[in-house]
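Take a look at the structure set out below.
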Amino acid sequence: MSLVHVIPILECVYYLAYARWAWKRCLYTASHDSENWELALVEEFQPVPHLCRCILAVYEDDLRNPIWAPPGGYHMNPNWVILHKDYEETHGQSTPYMICLDHEKVDIVLAIRGLHLGNQSDYAILFDNKLGQTTFDGGYVHNGLLNAASYGLVNYGGVIELGFAGKCGEEEDQMLCNCSC
């Protein structure tokens, strides 16, 4: 059998494998996730724009002189960012993240940046997954992204738990936000 006859067969096998993967992916994720969800109230949705701005702020190297600020800015005081880690400081275990004390909104925010895919460590995080490998809260979760989020909490969860050594009051809410794009 010549190579000309083998390539179409391999192509068919490839397409069948992809179709099988897509079918399993649709069954494991998003098929029944939201069928029991209630509509969000206005009060529940109010922190979302603020958290999105926090995630965007992680992309900045210097919040005092932002390069990619959204219209209206980030609405955060750069002095309230108490921890900002980049790729070199996370050693490929996580994407860059920051911890911010927002005294106006009364929040402690751990914002984790999404995958860049310009770094090989991001590909390692992305490919660290198998269908059905990790369950979380009654559903399935991406193993690599869960480990990346856990990295920040494991290394700096004590800082968050101790309330940043008296820098914040007891009334602050703790927020974890992540961009999965």
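Heads up: numbering here begins at 1 and tracks the sequence. From a predicted model like this one, the values you see are computed outputs, not experimental measurements.
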Item to complete: Verify side chain to side chain donor-acceptor pair (under 3.5 Å) between Asn129 and Asn143, making sure each step is shown before the conclusion.
Response: CA-CA 5 Å; Asn129 194 39; Asn143 188 57; 5.8 Å; no
Worksheet item: Taking only residues two or more places apart in sequence, or in another chain, which ones meet Tyr14 in a ring-ring contact (aromatic ring centres under 6.0 Å, His included)?
Response: none
Just to verify, what does [X] make a side chain to side chain donor-acceptor pair (under 3.5 Å) with, not counting sequence neighbours?
{"X": "Asp86", "result": "none"}
{"X": "Tyr87", "result": "Asp122"}
{"X": "Ser150", "result": "none"}

Working to the nearest 0.5 angstrom, can you tell me the gap between [X] [atom1] and [Y] [atom2]?
{"X": "Cys54", "Y": "Ile112", "atom1": "SG", "atom2": "CD1", "result": "12.5 Å"}
{"X": "Asn79", "Y": "Leu63", "atom1": "CG", "atom2": "CG", "result": "10.0 Å"}
{"X": "Tyr59", "Y": "Arg113", "atom1": "OH", "atom2": "CZ", "result": "5.5 Å"}
{"X": "His84", "Y": "Cys100", "atom1": "NE2", "atom2": "SG", "result": "10.5 Å"}

Fill in: Heavy-atom closest contact (Met76 atom, Ala57 atom, distance)
SD-CB, 3.7 Å
Discussion item. Show the nearest heavy-atom pair for residues His142 and Leu145, with the distance to one decimal.
Written reply: ND1-N, 3.1 Å
Could you list the donor-acceptor pairs under 3.5 angstrom formed between side-chain atoms of residues 45-52 and any protein atom two or more places apart in sequence or on another chain?
residue : atom : partner : partner atom : Å
His50   : NE2  : Asp102  : OD2          : 3.0

Worksheet item: What about Trp80 and Ile82, same hydrophobic cluster or not, with Ile/Leu/Val/Met/Phe/Trp/Tyr joined at side-chain heavy-atom distances under 4.5 Å?
Response: no
Practice prompt. Apply side chain to side chain contact (heavy atoms under 4.5 Å, CB included) to Ile99 and Val109, showing your working.
Written response: CA-CA 6 Å; Ile99 299 176; Val109 180; over 6 Å; no
Worksheet item: Would you say Ser94's side chain and Ala148's backbone share a donor-acceptor pair under 3.5 angstrom?
Response: yes
Worksheet item: Between His91 and Gln93, is there a donor-acceptor pair closer than 3.5 Å when you use the side chain of the first and the backbone of the second?
Response: no
Practice prompt. Could you tell me which residues satisfy side-chain contact (heavy atoms from CB on, under 4.5 Å) with Asp62, sequence neighbours excluded, listed by chain and number?
Written response: Arg64, Asn65
